[in-house]
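Remember, predicted model here, so these are calculated numbers, not experimental data.
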Amino acid sequence: MGRIVEVEAYIGEADQASHARFGETGRNRVMYGPPGIAYVYLVYGMYDCLNVVTEPAGVPAAVLIRAVEPIEGIGPMRVDRVVRATTRRRTLSADRMVAEAERIAALPVERLAAGPGLVGAAFGLTTAWTGVDLCDPGSPLRLEAAPDAASIQVSATPRIGIGGAGEPWVSRPWRFVVRGSRSTSGPAAAR
DNA sequence: GCAAGGATATCG
DNA sequence: GATATCCTTGCA
């Protein structure tokens, strides 16, 4: 369990940064369905990114969960991070595997899920989780309201890692971060 | 600065 | 069926 501290919004086929920019396809199909459903996709061949489908059925939209501040299950998160890091690589010597495990073991708790790919790794998510109802209290993966949601300060910035210099969808401030969190994505210098 | 995986969308 | 690209990450 953890607290979501960074997200990005994607909405509509006109949003050229969205997977829905080509219309409905096999991959993005759930984005066109009812809200509250998980959409997990693979980027760069090794990172599974978790999204929450939003907007009523027919309107393709989703919110990418970019960073989580771990609260419970720290040990399992480290294990899942190590498993992911050592199984998603084709060429990895035994020495490098050990080094990777040690690096993850030494990570500060607040950095275990500090990025969209790291959220997927820490929670052991794969594209097979697409379709899970995140609003069902009985679901193995679910969203819950933060008790102190009303007092949290949020900043808005442009979205990360999207192309199209000078295009309107690039500068739109649709990335939201919990102010003051030490678990947001990116290198320390940029936080 | 760039290489590391694999799925995907878009061509032949 | 081939290939450029991708909502990333960590190391050279």
Side-chain angles (χ1 to χ4, degrees), chain A residues 4-32 37-55 60-68 77-78 80-108 110-131 156-165 167-177 183-191:
Chain A
I4 296 169
V5 293
E6 178 180 343
V7 299
E8 274 176 4
Y10 294 84
I11 182 168
E13 295 181 344
D15 181 354
Q16 293 302 296
S18 171
H19 282 178
R21 64 187 177 282
F22 299 125
E24 187 171 344
T25 66
R27 177 172 66 158
N28 66 23
R29 190 171 42 81
V30 291
M31 289 183 73
Y32 289 77
I37 304 299
Y39 169 43
V40 183
Y41 67 83
L42 184 69
V43 271
Y44 301 109
M46 57 182 99
Y47 299 105
D48 294 279
C49 298
L50 171 65
N51 296 255
V52 182
V53 174
T54 60
E55 301 298 317
V63 168
L64 170 64
I65 308 301
R66 287 191 55 89
V68 170
M77 288 186 194
R78 285 194 202 277
D80 282 340
R81 283 286 309 274
V82 171
V83 168
R84 191 61 54 99
T86 53
T87 54
R88 280 285 164 85
R89 311 205 168 241
R90 212 163 34 192
T91 57
L92 195 61
S93 67
D95 285 355
R96 296 263 300 122
M97 282 181 62
V98 171
E100 191 68 357
E102 287 173 343
R103 185 186 67 79
I104 291 168
L107 280 178
E110 67 267 21
R111 304 305 300 165
L112 285 178
L118 303 181
V119 169
F123 283 80
L125 303 177
T126 67
T127 55
W129 286 81
T130 291
T157 82
R159 295 175 291 183
I160 307 285
I162 57 179
E167 302 291 348
W169 58 84
V170 173
S171 56
R172 248 163 219 155
W174 285 354
R175 169 176 175 258
F176 303 94
V177 297
S183 298
T184 49
S185 67
R191 297 197 301 272

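Regarding A:Arg27, its CZ atom lies at a distance of 7 Å from the P atom of B:dT8, rounded to whole Å. Distance, A:Arg84 CZ to C:dT8 P: 16 Å, rounded to whole Å. Remark: P of C:dG10 and CZ of A:Arg89 are 8 Å apart, rounded to the nearest angstrom. Protein atom NE2 of A:His19 is 10 Å distant from nucleotide atom P of C:dC6, rounded to whole Å. Rounded to an integer number of Å, the gap from CZ of A:Phe22 to C1' of B:dA7 is 14 Å. Atom P of nucleotide B:dA3 and atom OH of A:Tyr47 are separated by 15 Å, given to the nearest angstrom. As a whole-Å value, the separation of A:Leu107 CG from C:dG10 C1' is 11 Å. Spacing between atom CD1 of A:Ile65 and atom P of C:dT8 amounts to 14 Å, rounded to whole angstrom units.
The closest side-chain heavy-atom distance from A:Met46 to A:Arg89 is below 4.5 Å.
Closest contact between the side chain of A:Arg103 and the listed nucleotides B:dA4, C:dG10, C:dT9 involves C:dG10. Between C:dT8, B:dA7, B:dA9, one nucleotide has an atom nearer to the side chain of A:Cys49 than all others, and that is C:dT8. Taking only side-chain atoms of A:Arg66, from C-beta outward, the nucleotide of B:dG6, C:dT8, B:dA9 with the closest atom is C:dT8. Comparing B:dT8, B:dG6, C:dC7 against the side chain of A:Arg90 picks out B:dG6 as the nearest. Each of B:dG6, C:dC11, B:dT8 was ranked by its minimum atom distance to the side chain of A:Leu42; first place goes to B:dG6. Here C:dC7 is the nucleotide among B:dT10, C:dC11, C:dC7 with the atom lying nearest to any side-chain atom of A:Val43. Closest to the side chain of A:Arg81, out of C:dG10, C:dC7, B:dT8, is C:dG10. The nucleotide whose nearest atom lies closest to any side-chain atom of A:Ser18 is, among B:dA9, C:dC7, C:dT9, C:dC7. Comparing B:dA9, B:dA4, C:dG10 by their closest approach to the side chain of A:Thr91 singles out B:dA4.
Heavy-atom neighbours of A:Arg103 CZ from other residues, nucleotides or ligands within 6.0 Å: above the threshold of 12.
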Begin with the C-alpha distance, continue with both residues' side-chain angles, and end with the deciding distance and a verdict on side chain to side chain contact (heavy atoms under 4.5 Å, CB included) for A:Phe176 and A:Ile4.
CA-CA 10 Å; A:Phe176 303 94; A:Ile4 296 169; over 6 Å; no

Derivation of the side chain to side chain contact (heavy atoms under 4.5 Å, CB included) call for A:Ile65 and A:Phe123
CA-CA 12 Å; A:Ile65 308 301; A:Phe123 283 80; over 6 Å; no

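Here the straight-line distance linking atom CZ of A:Arg66 with atom CD of A:Glu6 works out to 5.0 Å at 0.5 Å rounding.
Taking the ring centre of A:Phe22 as origin, the terminal cationic atom of A:Arg27 falls outside the region bounded by 6.0 Å and 45° from the ring axis.
Side-chain N/O atoms of A:Tyr41 and base N/O atoms of C:dC7 include a donor-acceptor pair closer than 3.5 Å.
Using a 4.0 Å cut-off between charged side-chain N and carboxylate O, A:Arg84 and A:Asp48 make a salt bridge.
A 3.5 Å limit on both hydrogen-bonding distances identifies C:dA4 as the Watson-Crick or G-U partner of B:dT8.
Interface residues of residues 4-16 of chain A facing DNA chain C, ordered by number: A:Tyr10; criterion, heavy-atom separation under 4.0 Å.
When atom types are taken as modelled, the side chain of A:Ser183 and the backbone of A:Ala114 share no donor-acceptor pair closer than 3.5 angstrom.
Note on A:Thr127: nothing from the nucleic acid sits closer than 4.0 angstrom, heavy atoms only.
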